[in-house]
Structure formats: structure tokens, C-alpha cells
There are 4 protein chains.
Amino acid sequence: MAAMTQLESPPAGAAALPEGAEGAAAAPPAVRPGRRRDPSRDADILAATLDVLAEVGYDGMTMDMVAARAQAGKATVYRRWESKADLVIDAVACLKSPPPLDDLPDTGSLRGDLVAMIRTPSVKDAQRKLRIMTGLVSLIDREPELAETTRRALVEPRAAVTRALLRRAVERGEARPDCDIETLASVSAAMASYRTLMLRKPVDREFLLSVIDGVIVPAAVGAPGH
Amino acid sequence: MAAMTQLESPPAGAAALPEGAEGAAAAPPAVRPGRRRDPSRDADILAATLDVLAEVGYDGMTMDMVAARAQAGKATVYRRWESKADLVIDAVACLKSPPPLDDLPDTGSLRGDLVAMIRTPSVKDAQRKLRIMTGLVSLIDREPELAETTRRALVEPRAAVTRALLRRAVERGEARPDCDIETLASVSAAMASYRTLMLRKPVDREFLLSVIDGVIVPAAVGAPGH
Amino acid sequence: MAAMTQLESPPAGAAALPEGAEGAAAAPPAVRPGRRRDPSRDADILAATLDVLAEVGYDGMTMDMVAARAQAGKATVYRRWESKADLVIDAVACLKSPPPLDDLPDTGSLRGDLVAMIRTPSVKDAQRKLRIMTGLVSLIDREPELAETTRRALVEPRAAVTRALLRRAVERGEARPDCDIETLASVSAAMASYRTLMLRKPVDREFLLSVIDGVIVPAAVGAPGH
Amino acid sequence: MAAMTQLESPPAGAAALPEGAEGAAAAPPAVRPGRRRDPSRDADILAATLDVLAEVGYDGMTMDMVAARAQAGKATVYRRWESKADLVIDAVACLKSPPPLDDLPDTGSLRGDLVAMIRTPSVKDAQRKLRIMTGLVSLIDREPELAETTRRALVEPRAAVTRALLRRAVERGEARPDCDIETLASVSAAMASYRTLMLRKPVDREFLLSVIDGVIVPAAVGAPGH
DNA sequence: CGATAAACGAGACGGTACGTCGCGTCTTCTG
DNA sequence: CAGAAGACGCGACGTACCGTCTCGTTTATCG
């Protein structure tokens with residue numbers, strides 16, 4: 001729940017109506033009458049969704065469960081999201097980890113930079129996220145949008161950082177100038193998701209170090225990572 | 001459908017479970033009276049399962065759909081598999097590509113060996129498999145067994161080959177003696193599944209080459225792959 | 001709508017209940033601050049209620065429909081009536097036909113008197129009322145109060161007149177002195193409602209004449225009505 | 001429940017499909033494959049419906065309640081009846097009282113015949129029926145079919161008997177030859193339903209006697225009933 | 001060769017979640 | 001404050017799917 005407080009304006013969600021032509025020049029900014037949607041309900045519902053998701057997984061999760069836990073009516077949920085899948089997609093988008101610091105501390109070596117990227121969140125939090133993500137894999141097939149959302153929210157930020165670090169290493173003369181930055185940048189994410197889904201093992205520091213030292217650094221630099 | 005002909009005796013599946021009392025030394029060979037199970041139904045049902053799976057994905061697939069397409073009754077299906085998940089797991093196990101040739105042609109270089117591993121099945125067949133695999137991801141969370149099955153059937157064989165090739169390259173003096181064979185061997189599978197699930201792009205020859213040339217070979221050999 | 005013009009101050013309805021504290025002798029005449037209730041809304045809402053009721057029946061009728069048709073907010077409706085049932089009860093009470101003339105023209109015979117009671121409103125109006133009344137039957141079970149209201153508003157006045165006419169006929173020597181005035185007075189209402197609800201036929205002049213001539217007059221007088 | 005045992009073949013219900021053209025001369029009697037509908041479920045569900053209806057009325061009744069009490073799934077209910085209304089209509093049709101004996105005992109007088117018609121079922125049973133009927137009035141408006149069903153099942157049989165008795169009285173010379181048999185035959189039903197719905201009083205022996213002695217007999221015979 | 005018993009196609013059954021809709025309340029903004 | 005607009009909590013509706021069961025039929029083995 002606490003993890004939710006940071007999202008004041010959650011992903012637009014299903015709010016985007018297919019209204020089509022906005023119409024005459026009249027009064028687009030004319031304040032719409034009626035009670036406004038309570039934005040706090042969005043956050044409550046999303047938080048409840050993540051809670052339930054972490055507890056029973058996607059298939060075990062019931063819309064009534066979510067509504068009940070959020071102290072909301074089902075109609076309130078469905079007013080915001082068209083379906084269970086939509087709701088979960090948005091909820092996951094809220095898991096967005098705080099973006100990797102843009103001020104990348106230059107440790108002087110590619111390995112040092114990459115290791116510095118490894119954040120060790122609270123174990124409990126990490127397990128929760130993992131539980132959610134695996135429980136949510138069910139959806140990736142049905143909702144292509146989810147793959148995109150997840151990628152953008154969870155994967156791309158870190159990949160972007162890796163790309164930057166690799167570029168810096170090349171400029172620094174540490175990495176080979178012809179190294180395939182694009183491919184290498186996605187190795188971490190690929191290995192992590194593979195480990196999570198197929199191997200069902202935690203993506204811990206040790207594992208990430210073995211990816212850095214066994215794959216990325218040697219591939220980029222041409223020498224063992226350690 | 002044609003892909004099915006090879007499996008005359010599909011994985012035993014859950015059919016063995018509900019036997020009940022089997023023990024009494026009395027008459028195991030005593031042929032039970034009554035009609036015998038028609039073995040051809042297994043193959044038909046599995047084929048129908050794969051077809052439906054490829055068309056509508058795991059969650060869109062209905063047991064009635066499968067039964068209808070296989071011209072079978074639901075009881076006939078449930079007599080052989082305990083649940084939808086069980087059925088799908090077995091069906092997927094039938095996708096097992098013929099194991100990578102054990103006689104690994106030694107091309108003289110790690111890159112050559114790895115490239116030789118790339119088989120190019122018909123595009124249509126590959127897309128079908130891809131569709132099935134993504135549609136099946138829904139299950140990985142619910143059925144840990146499936147992850148294991150899939151890994152063993154589809155992933156491990158190729159990983160084992162890669163391991164062997166890497167070892168050979170080390171012995172040959174081409175690859176660094178300290179290279180992390182274990183981790184590198186799983187890179188292909190990880191990158192492929194990531195591309196399939198998250199990026200929803202085909203795992204084509206070009207992509208596999210970029211993994212070989214951009215990651216594995218440079219990481220192992222310490223020099224660009226090409 | 002036109003039928004509505006006569007009711008400027010409709011039955012107080014349940015509006016009196018939710019007032020809360022009213023008591024304190026302090027300042028009953030002290031004009032409360034704030035905007036005064038717009039009395040014209042009452043009539044509009046009641047009219048809309050009858051319209052909708054006539055079109056779709058009680059169960060088909062929605063509070064939103066009523067509010068929308070009356071160009072009113074739901075709160076405005078609920079500020080005046082506690083519930084859908086309350087609203088409908090009041091609306092129906094407005095259908096009250098002007099009470100049968102108290103100056104009963106003495107035609108000289110029971111039959112003449114009874115026939116004189118038959119008013120023939122416009123056919124369209126009668127059908128509308130009929131539609132409303134049947135649509136309102138849904139409520140009789142849930143709201144015992146409604147039965148009473150309806151009886152008092154629509155039935156009793158005519159029954160009272162019939163009673164009076166019967167008494168006059170007895171005094172006049174036309175009717176048997178021992179005739180069961182009480183029971184006979186309710187025959188008309190019973191036959192009319194039965195015809196409306198169960199037979200779904202209009203209560204037209206012909207039907208009323210057959211009740212007068214086939215039942216009431218012969219039962220009271222001991223001779224055929226005509 | 002016990003009241004249900006007599007109905008082996010309940011009203012056809014929703015079983016009547018709109019199949020249209022039956023098709024080629026082929027095999028109309030060809031046995032339809034698949035499990036047959038369990039007829040006992042019909043009876044169980046109808047009985048449960050009447051029970052619930054008697055306890056909480058039409059609006060209080062829930063399809064889940066009915067299904068649960070009948071130990072049935074909702075699908076089983078909806079396979080047989082299209083809607084809650086349909087179900088209730090059929091259930092009510094099962095209340096059909098055992099048809100008035102066709103061998104009408106000729107008591108020698110119209111009054112005697114009519115009084116002999118009054119059956120006094122167990123008080124509890126009568127109250128149950130009354131509760132059901134009033135709870136069901138909600139439907140008469142929405143489902144014109146219900147009015148017809150009710151009339152045929154509950155009203156018409158008795159009316160037919162009354163008609164016959166009146167005819168006999170005319171033949172016997174007891175009743176006036178020009179009495180309006182048709183109208184008089186519906187007086188009982190009309191008075192009873194009016195008393196039930198509007199007056200909410202029980203249709204007991206005393207009441208029925210007052211109808212016979214105060215209305216029917218005097219109207220038909222031209223003399224007080226007693 | 002007839003009896004027996006299991007497997008089969010078809011589909012009804014009990015259960016449970018889904019997504020919709022209505023009621024009566026609450027909240028926002030305007031007069 | 002009243003009024004229009006509409007979001008909210010609640011709960012019933014009718015649908016769809018799962019996994020089981022029951023039909024009547026077909027197919028094998030046994031007596």
C-alpha cells in the first residue's frame with residue numbers, strides 16, 4: 001500500500017474515450033458538470049489489485065476481491081478499466097521502480113558502472129514484485145499491450161542505462177568500438193526474465209554479477225569481467 | 001496435423017494416475033474386459049489442442065473447442081488428461097523439435113559451430129510454434145511443472161549442445177579457459193524467449209546471428225564474432 | 001403532461017420525513033438561508049414519472065429515466081421522495097379523477113343512477129391510465145401502503161357513491177331491504193381491476209353496463225337490469 | 001415440496017424451441033444423442049422457486065437462492081427458463097389446484113351447489129398460495145403471458161364450474177333464463193383477487209359465502225341467497 | 001453366439017467468475 | 001443552500017467455462 005503513495009497521477013488507464021470529433025469551436029474547456037471521479041479511488045484500486053495479485057496470482061484474483069479490498073463497487077472499477085486484464089496492466093505499470101539515477105556515477109570501469117546499477121531493494125519488496133510479475137505472465141499472451149507496458153515500465157529504463165554505460169566504455173576506449181551495444185543492452189533483461197519464469201529462481205546479486213562478469217563485460221571488453 | 005504423425009505413444013500424461021488399486025499380485029496381465037482405448041484419439045486430441053492453442057491462445061482455448069475439433073467427447077479427453085493444463089503441457093511436449101544432431105560437425109571455429117546449430121524450419125511452422133509457446137506462457141505461473149517440461153523439452157537440448165561447443169572451443173584454445181560456460185549456454189534461450197514474449201518478434205536467423213556475433217562469441221573468445 | 005396542470009401542490013409525499021430536527025420552538029418563521037426549493041420541479045418530476053411509467057411499466061422505469069426526462073438531477077428527486085416506490089405512489093395519487101359528483105342526480109331508478117356514474121373519458125387517456133395502473137401493480141406486493149392509497153384515491157370514492165345509490169334504492173323501495181350493500185358496492189371495482197389485470201381488456205362502457213345489468217341491479221332489485 | 005410430487009410432467013416451459021422448419025423427411029424420431037435432461041431437476045427447481053417465492057416474494061427472490069435450494073447450478077436453471085420471470089410463471093402454473101370435481105354433486109339448489117364448490121384447503125397451504133400470488137403480482141404487468149397462465153390454471157377451472165352450475169340452475173327453473181351467466185361466472189374470481197390484492201384480506205369461507213349470498217345467487221335467482 | 005463391460009460422442013450438471021445495470025447516496029460545480 | 005450532473009457502494013442478473021456425470025451406442029473379450 002505504502003508503495004502506492006508515490007503515484008499521484010497513475011497511467012491514464014481506460015480514461016481515453018473514443019469520442020471522435022471534438023466538435024464545434026464552442027467550449028472545449030467548458031467544465032463538465034457532475035461529480036468528478038475521485039482520483040484516490042484509482043490509487044486504492046490499483047494498490048488493491050497489486051496486493052491481491054501478489055497473494056493469489058492473476059487467475060486466482062477476482063474482481064470482487066479487488067473491489068472489496070479497495071472498498072469499492074465493481075462498477076467503480078469497471079468505470080475505469082474495461083476488463084480484469086486492463087486493470088492488471090495498469091496496476092503493473094505502477095510498479096515502475098524509481099528510474100535509475102540519471103547521474104550515472106562514473107566508476108572508471110564498465111564493470112564498476114554496471115555493478116553500481118544493481119540496486120538491492122528490500123527482499124520483501126523484490127519477492128512481492130516477482131510474485132506479481134510471474135502471476136501476471138498469464139496475460140502477456142492475451143494482451144500484447146502488456147508486454148509493451150512492462151517493457152517500457154520495467155525493462156527499458158535499465159536497458160537505456162546499460163546502453164549509456166556501454167557507450168561511455170567505448171568512448172573511454174575500454175570497450176571494443178564495434179561491440180553490439182543494442183544486443184548487449186538487452187542481455188540483462190533477457191537473462192533476468194528467463195531466470196524468473198523458466199528457472200523460477202530469484203534474480204539476486206550473485207546472478208546479476210555472473211551475467212555482468214560472464215557475459216556483458218567480456219563480450220564488450222574482450223576480457224573477463226573480474 | 002502432419003506434425004503429429006510421429007507421436008504414436010505420446011507422453012504417458014496423467015492417464016496413469018486414476019488407476020486406483022493396481023497392487024494385488026493377482027492378475028496384472030489379466031486383460032480387462034470391455035472396449036479398449038482407441039490410441040488414435042490421443043493423437044487427434046493433442047493435434048486439436050495445438051491447433052486451437054495456436055489460434056486463440058491458452059485462455060481463449062476451451063475444452064469444448066478441443067473436443068469438438070477432435071470429434072471427441074469431453075469425457076474422452078478427461079479420461080486421458082486430468083485438466084486443461086495437463087492436456088496443454090502434454091501437447092506442447094509433442095512440439096519437441098528433433099534433438100540437435102549429436103554428431104556435432106566440427107567446423108573448426110566456435111562461430112561456425114554455433115551457426116551450424118541454427119536450423120531454419122519453415123517460416124509458417126516457426127510462427128505456429130511461437131504462437132503456441134506464447135499462448136502457453138499463461139500456464140507457467142500456475143503449473144511450475146510446465147516450466148520444467150518446457151525447459152527440458154525445448155531449451156535444455158540446445159543449451160547442452162552450446163555447452164559442448166563452448167567446451168570444445170576452450171579445448172581448442174579458441175575460447176578463454178575461464179569463460180563462464182554455464183551462463184553463456186543459457187544466453188541463447190534467454191534472448192530468444194525474451195524476444196518472443198516481450199518483444200513479440202520472430203526468432204529468425206538474423207536475430208540468432210546477432211546473439212552469436214554480438215554476445216556469445218565475443219564473450220567467449222574475447223574478439224568480435226565476425 | 002397536460003393532465004398534470006391541475007396539481008400545483010401534489011401530495012406532500014415522504015418529503016416531510018428526512019427533515020431531522022424541526023422542533024425547537026426557536027424560529028419556525030425564521031426564513032432559512034439558502035435557495036428555496038423550486039415547487040415547479042415537483043410537478044415536472046411527477047409528470048415525467050407518469051410518462052415513463054406509462055411507457056415501460058414500473059420495473060422498466062428507471063430513476064435516471066425519470067430524472068433525465070424531468071431535466072432534473074437524481075438528488076432533486078430523492079430530496080422529495082424517499083424511494084422509487086414512494087415516487088410512483090405519489091405520482092399515481094395524482095391520477096385521481098375528480099371525485100364523482102356529490103350531487104348525485106336522482107334518475108329515479110337504481111340502474112339510471114349507476115349508469116349516470118359512468119364517465120367516459122377520452123379513450124387515449126383511459127388507456128394511459130390503464131397502462132399506468134397495471135404497471136403499478138408490481139408495487140402492491142412490496143408496498144402495502146400503495147394498495148391502501150390506490151383504494152382510497154381511486155376505488156373508495158366510487159364505491160361510496162355506489163353505496164349511497166344502493167341505499168337510496170332501498171329507501172325508494174326499488175331494492176330489496178336485505179340486500180348486501182357492502183359487498184355489492186365493491187363488485188364494480190373488483191370486476192374492473194380483474195378485467196384490467198387478468199384479462200387485460202379495457203374497462204369500457206359496454207363492460208360496465210354488463211356489470212350493472214348482469215350483476216348489481218339484478219342482485220339488488222331481484223330483476224334483470226334492463 | 002410434497003405439493004410438488006404430483007407434477008410429473010410440468011408445463012413445457014421454455015423447452016419449446018423456435019426451430020422452424022423441421023427439415024427433410026429423414027429421421028425426426030432419430031434419438032438425440034447426449035445426456036438427457038433430468039426431469040427431476042425441473043420439479044426440484046420449480047419447488048425451490050415456490051418455496052423461495054413464498055418466503056421472500058418475487059423481488060426478494062434470487063436466482064442463486066433458487067439454484068442453491070434446488071442444489072442446482074444457475075446454468076441448469078437458465079437452460080430451462082430464459083429468465084427469472086419465465087421461471088416464476090411456470091412455477092405458478094404448478095400451483096394448479098386439483099381441478100374441481102367434474103362430477104358436480106347436484107345439491108338441488110344453486111346456492112347449495114356453489115357452497116359445495118368451496119374447498120377448504122389446509123390453512124397453511126392457502127396462506128402459502130396467497131403469499132406466492134401476491135408476491136407474483138409484480139410480474140403480471142411485465143409478463144402478459146403470466147396473466148393468461150394464471151387465469152387458465154387457477155381461475156378458469158372454477159369459473160367453468162360456476163358457469164355449469166348456473167346453466168343447471170336455469171334449466172332447473174331456479175335461475176332466471178335471461179341471467180348473464182358469463183359475467184356472473186367471473187364475479188367470484190374478481191372479488192377474490194380484489195380482496196387479496198387490494199384489501200389484503202384472506203379469501204376465507206365467510207367471504208366466499210357473502211359473495212354467493214350477496215351477489216351471485218340473488219343476481220341469478222332474483223331472491224336473497226339465504 | 002450371446003452376455004458383459006469398458007470406451008466413445010454428445011451434452012446436461014454443479015459451481016464460480018465475469019461484466020452489466022439499477023438503486024439510493026455522495027460530491028462537485030453553478031445559480 | 002437548491003439544483004443538474006454524475007460518480008460511488010452494493011448487489012442481482014444472465015453468460016461462459018471447468019471438470020464431472022449420465023445417456024445411448026459401439027467394440028472388444030469372456031463364458
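Bear in mind the structure is a predicted one, so any value in this text is a computation, not a measurement. Below, chains carry the letters A, B, ... as their sequence lines are ordered, and counting in each starts from 1. Only heavy atoms go into these numbers, but all of them, side chains included; no hydrogens, no water, no symmetry mates.
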For this session: Provide, to the nearest angstrom, the distance between the CG atom belonging to D59(C) and the P atom belonging to dG22(E).
Result: 12 Å
Seminar exercise, completed: When rounded to whole Å, the CZ to P distance for the pair R79(B) and dT22(F) reads 14 Å
Exercise. Ignoring hydrogens and angles, does a donor from either the side chain of K74(A) or the base of dG9(F) sit under 3.5 Å from an acceptor on the other?
Worked result: no
Exercise. Which nucleotide, dC21(E), dG24(E), dT20(E), lies nearest any side-chain atom of A75(A)?
Worked result: dC21(E)
Exercise. Do K84(C) and Y58(C) meet the cation-pi criteria used here (NZ or CZ under 6.0 Å from the six-membered ring centre, within 45° of the axis)?
Worked result: yes
Exercise. Of all the choices, dC26(E), dT22(F), dC13(F), which nucleotide is nearest to the side chain of K84(D) once you look at every atom?
Worked result: dC13(F)
Problem set entry | Nearest-nucleotide 5' precedence on DNA chain F, Q71(C) against Q71(A) | Q71(C)
Problem set entry | Between P of dC13(F) and CG of D64(D), the distance in whole Å | 7 Å
Exercise. Which one, dA4(F), dA12(E), dG22(E), comes nearest to the side chain of R80(D)?
Worked result: dA12(E)
Problem set entry | Position toward the 5' end of DNA chain F (nearest nucleotide), G60(B) or G34(D) | G60(B)
Exercise. On a plain distance test, is the side chain of R35(A) in donor-acceptor contact with the base of dC26(E) below 3.5 Å?
Worked result: yes
For this session: Could you tell me whether the side chain of T62(D) and the main chain of M65(D) form a donor-acceptor pair under 3.5 Å?
Result: no
Exercise. Nearest-Å distance, CG (D44(D)) to P (dA12(E))?
Worked result: 18 Å
Problem set entry | Earlier contact from the 5' end, DNA chain E, for A72(B) and A85(A) | A72(B)
Problem set entry | Which nucleotide in dG3(F), dC8(F), dC18(E) has an atom nearest any side-chain atom of R41(A) | dC8(F)
Exercise. So, the side chain of T76(A) versus the backbone of A72(A): is there a donor-acceptor pair under 3.5 Å, distance only?
Worked result: no
For this session: Determine yes or no for a side-chain-to-main-chain donor-acceptor pair under 3.5 angstrom, with K74(A) supplying the side chain and A68(A) the backbone.
Result: no
Problem set entry | Protein-nucleotide distance (D38(D), atom CG; dT22(F), atom P), rounded to Å | 10 Å
Exercise. Tell me: OH of Y78(C) to P of dG3(F), nearest whole Å?
Worked result: 16 Å
Exercise. Is there a donor-acceptor pair under 3.5 Å between the side chain of R41(B) and the backbone N or O of R80(B)?
Worked result: no
For this session: Write down the distance between CE (M63(C)) and C1' (dC21(E)), rounded to a whole number of angstrom.
Result: 15 Å
Exercise. Please give, in whole Å, the distance from dT16(E) P to M61(A) CE?
Worked result: 19 Å
For this session: Would you tell me if any nitrogen or oxygen in the side chain of T76(D) comes within less than 4.0 Å of OP1 or OP2 on dA12(E)?
Result: no
Exercise. Under the 3.5 Å rule, do the base of dC23(F) and the side chain of R36(D) count as making a donor-acceptor pair?
Worked result: no
Seminar exercise, completed: Taking dC13(E), dC8(E), dC26(E) as options, the one with an atom nearest any side-chain atom of R37(B) is dC8(E)
